[in-house]
2 protein chains.
Amino acid sequence: MPVEPNKRPVKTAETSFAILEQLKEAEEEESLGVSDLARRLGLAKSTVHRHLATLQTHGLVVEHDGGYRLGLRLLDFGLRARSLRPLYEIAKPKVDELAATTGEKVWCLAEEQGRSVHLYGAAGKHSVRTTAREGERGYLHQTAAGKAILAHAPRERVERIVDEHGLPARTPNTITSRDDLFEQLERIADRGYAFNREESIPGLHAVGAPITDDEGVATGAISISGPANRLKGDRLTKELPDLLLGAANEVEINLTFS
Amino acid sequence: MPVEPNKRPVKTAETSFAILEQLKEAEEEESLGVSDLARRLGLAKSTVHRHLATLQTHGLVVEHDGGYRLGLRLLDFGLRARSLRPLYEIAKPKVDELAATTGEKVWCLAEEQGRSVHLYGAAGKHSVRTTAREGERGYLHQTAAGKAILAHAPRERVERIVDEHGLPARTPNTITSRDDLFEQLERIADRGYAFNREESIPGLHAVGAPITDDEGVATGAISISGPANRLKGDRLTKELPDLLLGAANEVEINLTFS
DNA sequence: AATCTTGTTCGAGTAGTTCGAACGGTCGTC
DNA sequence: GACGACCGTTCGAACTACTCGAACAAGATT
């Protein structure tokens with residue numbers, strides 16, 4: 001499913017989305033007003049005003065503190081979108097379990113439109129706090145879970161994803177060359193799981209295993225991540241992968257019979 | 001802030017929202033196609049097609065199984081909307097704690113546009129499974145938490161809310177008369193917490209306490225709910241309210257100093 | 001094999017959006 | 001205390017761009 005070039009988009013709807021996007025990007029305690037938004041988006045005040053009024057009647061935006069912020073109707077949509085994914089419903093308890101037994105941060109990621117989405121995360125006792133948030137979008141080549149997904153996808157699919165999104169770096173260790181990527185993906189496919197050695201965040205290591213369907217194609221992945229000095233040696237290369245593969249396998253079985 | 005009558009809404013944006021709404025209402029494993037949506041919304045196929053293409057490039061909608069479903073970009077927006085509310089961030093650990101100590105289902109609700117929103121829920125060991133979901137909207141007069149919020153709001157505000165949303169019933173016990181409502185609210189305001197005796201779901205009882213700001217106006221509430229035969233007598237009228245008020249008070253303190 | 005779907009594209013007509021100007025209100029400053 | 005600056009809001013006119021319907025290929029169903 002190549003993302004269509006999308007001739008003739010609905011521009012009016014896009015400006016509404018642009019307003020939502022601006023409000024999402026806004027700082028925590030900052031609430032934007034009509035004029036602020038109009039300036040940022042290069043639109044007339046009256047236009048922004050009209051869009052905001054419409055968004056408000058649908059609960060997508062709410063007045064707050066002399067400005068506007070995202071409305072909780074979006075929470076309804078977002079959580080519905082997530083619970084429609086069987087992967088979430090089934091992986092969640094396993095992710096909790098892994099976090100409890102390993103004490104580290106455990107994530108379940110899904111792939112959508114060539115990007116990764118952090119579906120659900122559970123914190124173990126010793127888990128580090130990173131900037132990752134549930135719902136966040138990321139690049140598949142930058143994480144252990146993402147690479148595990150790519151390694152279990154048809155090569156042409158990976159080619160198209162790289163064509164579209166490139167291989168942006170986040171740390172000196174991030175894979176930035178196509179050749180390196182495919183070389184690693186091959187080894188990951190053989191091994192069945194992937195490592196991340198400070199490729200997305202300095203000082204952070206991770207292991208990721210794919211969740212594959214009955215045709216061996218990945219629909220998501222789970223990962224365990226923690227500080228490099230704790231995730232190393234046999235723990236990183238043996239113990240955690242074992243736990244991870246066990247959990248991933250259980251999820252796969254439950255997925256095919258649901 | 002009376003919800004404005006909203007002259008001149010942006011109709012084009014509204015049809016985009018209507019499409020999202022339809023996809024949200026859709027059954028679990030049902031994925032709607034262009035023609036389905038066009039039929040349901042009374043629009044031309046080509047119109048729906050164009051909207052879907054636009055929604056897709058923004059990740060709000062994704063192709064799946066020969067149709068479309070809500071995209072995970074909505075999860076990003078929704079979770080951001082929630083974490084922008086200090087109430088959520090601060091109440092969450094207390095809700096977890098209450099669920100663990102009582103063993104029942106504990107909810108944190110917020111008020112928005114005269115309706116309640118289930119911000120966060122935690123399940124205790126014995127907690128019942130209800131139809132309530134995080135992100136769901138409800139009526140304030142139908143639940144313990146909602147009534148606690150209404151009881152700690154200016155009377156004129158409550159009047160406007162009832163004018164706008166009415167007092168729809170969910171069970172034979174739901175409050176449906178204005179007089180009954182205000183009578184109860186008065187007692188709740190005195191007492192400091194509210195009960196729900198099968199007013200939203202048959203066989204379900206609950207206690208709710210408001211989270212108020214420094215002016216005594218409620219911005220949200222937390223509640224404990226469980227089967228009527230377990231939530232009765234002193235446990236319902238003494239023990240649980242005590243725990244609840246303690247937790248609510250802690251949340252309030254943390255909220256004012258954040 | 002024929003027929004009824006499906007999703008897709010495109011042109012024409014007009015419905016609806018955008019802009020700008022003007023209003024009243026509120027805040028801050030001189 | 002009055003002025004000026006900025007805010008959000010409303011409205012009319014101009015023209016953008018959205019909606020519809022028809023027509024197409026591809027696939028499913030009969």
Side-chain angles (χ1 to χ4, degrees), chain A residues 1-23 26-27 29-71 113 160, chain B residues 1-23 26-27 29-71 113 160:
Chain A
M1 44 195 92
V3 181
E4 290 115 43
N6 194 13
K7 310 290 189 194
R8 308 214 308 176
V10 185
K11 289 199 186 177
T12 307
E14 287 194 311
T15 71
S16 269
F17 303 154
I19 289 174
L20 291 175
E21 199 76 44
Q22 280 297 324
L23 291 175
E27 301 297 319
E29 281 303 317
E30 176 188 16
S31 82
L32 299 175
V34 176
S35 301
D36 297 318
L37 288 164
R39 259 190 300 274
R40 296 200 189 195
L41 297 167
L43 296 169
K45 276 195 301 177
S46 53
T47 304
V48 174
H49 177 72
R50 210 149 88 85
H51 278 268
L52 282 171
T54 309
L55 287 163
Q56 185 170 232
T57 63
H58 292 262
L60 302 173
V61 140
V62 203
E63 280 178 277
H64 171 72
D65 198 36
Y68 290 86
R69 63 174 175 182
L70 297 180
Q113 299 184 324
R160 274 202 307 256
Chain B
M1 47 195 91
V3 180
E4 291 116 44
N6 194 13
K7 309 288 187 194
R8 309 215 306 178
V10 185
K11 289 199 185 177
T12 308
E14 287 194 312
T15 70
S16 269
F17 303 154
I19 290 174
L20 290 175
E21 199 75 45
Q22 280 296 324
L23 291 174
E27 302 296 319
E29 282 301 318
E30 176 189 15
S31 80
L32 299 175
V34 176
S35 301
D36 298 318
L37 288 165
R39 260 191 299 274
R40 297 198 188 197
L41 298 168
L43 296 169
K45 278 195 301 177
S46 53
T47 303
V48 174
H49 178 71
R50 209 149 91 85
H51 278 268
L52 282 170
T54 308
L55 287 162
Q56 185 171 234
T57 63
H58 291 263
L60 302 174
V61 140
V62 202
E63 280 178 278
H64 171 73
D65 197 38
Y68 290 86
R69 64 174 175 181
L70 296 180
Q113 299 183 324
R160 275 203 306 257

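Atom set for the values below is all heavy atoms of this structure, side chains included, hydrogens, waters and symmetry mates excluded. Every chain is numbered from 1 and lettered A, B, ... according to where its sequence line falls, protein lines coming before strand lines.
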request  = Could you state the atom-to-atom distance from CG of B:Asp65 to P of D:dA28 in whole Å?
outcome  = 13 Å
request  = Please step through side-chain hydrogen bond (donor to acceptor under 3.5 Å, both in side chains) for the pair B:Ser16 and B:His51, ending with a clear verdict.
outcome  = CA-CA 6 Å; B:Ser16 269; B:His51 278 268; 2.7 Å; yes
request  = Output the single nucleotide from C:dT6, C:dG16, D:dT9 whose closest atom is nearest the side chain of B:Lys45.
outcome  = C:dT6
task = Please report the shortest heavy-atom distance between B:Asp65 and B:Ser31, naming the atom on each side.
result = O-OG, 3.3 Å
request  = Considering non-hydrogen atoms only, spot the tightest contact between B:Val34 and B:Lys45 and give its length.
outcome  = CG1-O, 3.5 Å
query = Given C:dT17, is OP1 or OP2 found less than 4.0 Å from the side-chain N or O atoms of B:Thr12?
reply = yes
Nearest-Å distance for atom pair CG/C1', residues A:Leu52 and D:dT10 = 15 Å
inquiry  = Output the rounded distance in Å from NZ (B:Lys11) to P (D:dC20).
reply    = 11 Å
task = Using only side-chain N and O atoms of B:Arg50, determine if any of them is under 4.0 Å from OP1 or OP2 of C:dG7.
result = no
request  = By nearest nucleotide on DNA chain C, pick out whichever of B:Asp36 and B:Val10 is the more 5' one.
outcome  = B:Asp36
query = Rounded to the nearest Å, what distance is computed from the CG atom of residue B:Leu32 to the P atom of nucleotide C:dG7?
reply = 10 Å
inquiry  = Looking at B:His51, I'd like to know whether one of its side-chain N or O atoms comes within less than 4.0 Å of OP1 or OP2 on D:dC18.
reply    = no
request  = Compare side-chain N and O positions of A:His49 against OP1 and OP2 of D:dG8 and report whether any pair is under 4.0 Å apart.
outcome  = no
task = Choose from D:dT19, C:dT18, D:dC20 the nucleotide whose nearest atom is closest to any side-chain atom of B:Ala44.
result = D:dC20
request  = Find out whether B:Phe17 and A:Leu60 are in side-chain contact, i.e. whether some heavy atom of one side chain is under 4.5 Å from a heavy atom of the other.
outcome  = yes
query = With a non-hydrogen cut-off below 4.0 angstrom, is A:Thr54 in contact with a base, only sugar-phosphate, or nothing?
reply = nothing
ask   = Between C:dT6 and B:Ser35, is there an OP1 or OP2 to side-chain N/O distance shorter than 4.0 Å?
value = yes
Atom pair distance, as rounded to whole Å: CG in A:Leu43 and C1' in C:dC19 = 10 Å
request  = Ignoring backbone atoms, test whether A:Arg8 places a side-chain nitrogen or oxygen under 4.0 Å from the OP1 or OP2 oxygen of D:dT16.
outcome  = no
message = Looking at C:dC10, I'd like to know if its phosphate oxygens (OP1 or OP2) sit under 4.0 Å from a side-chain N or O belonging to B:Ser46.
response = no
Atom-to-atom span, CD of B:Glu14 to P of D:dC18 - whole angstrom = 15 Å
message = Just the rounded figure in Å: distance from C1' of D:dT9 to CD of A:Gln56.
response = 13 Å
ask   = Under the side chain to side chain contact (heavy atoms under 4.5 Å, CB included) criterion, do B:Glu14 and A:Thr54 qualify, and how do the steps go?
value = CA-CA 8 Å; B:Glu14 287 194 312; A:Thr54 309; 3.5 Å; yes
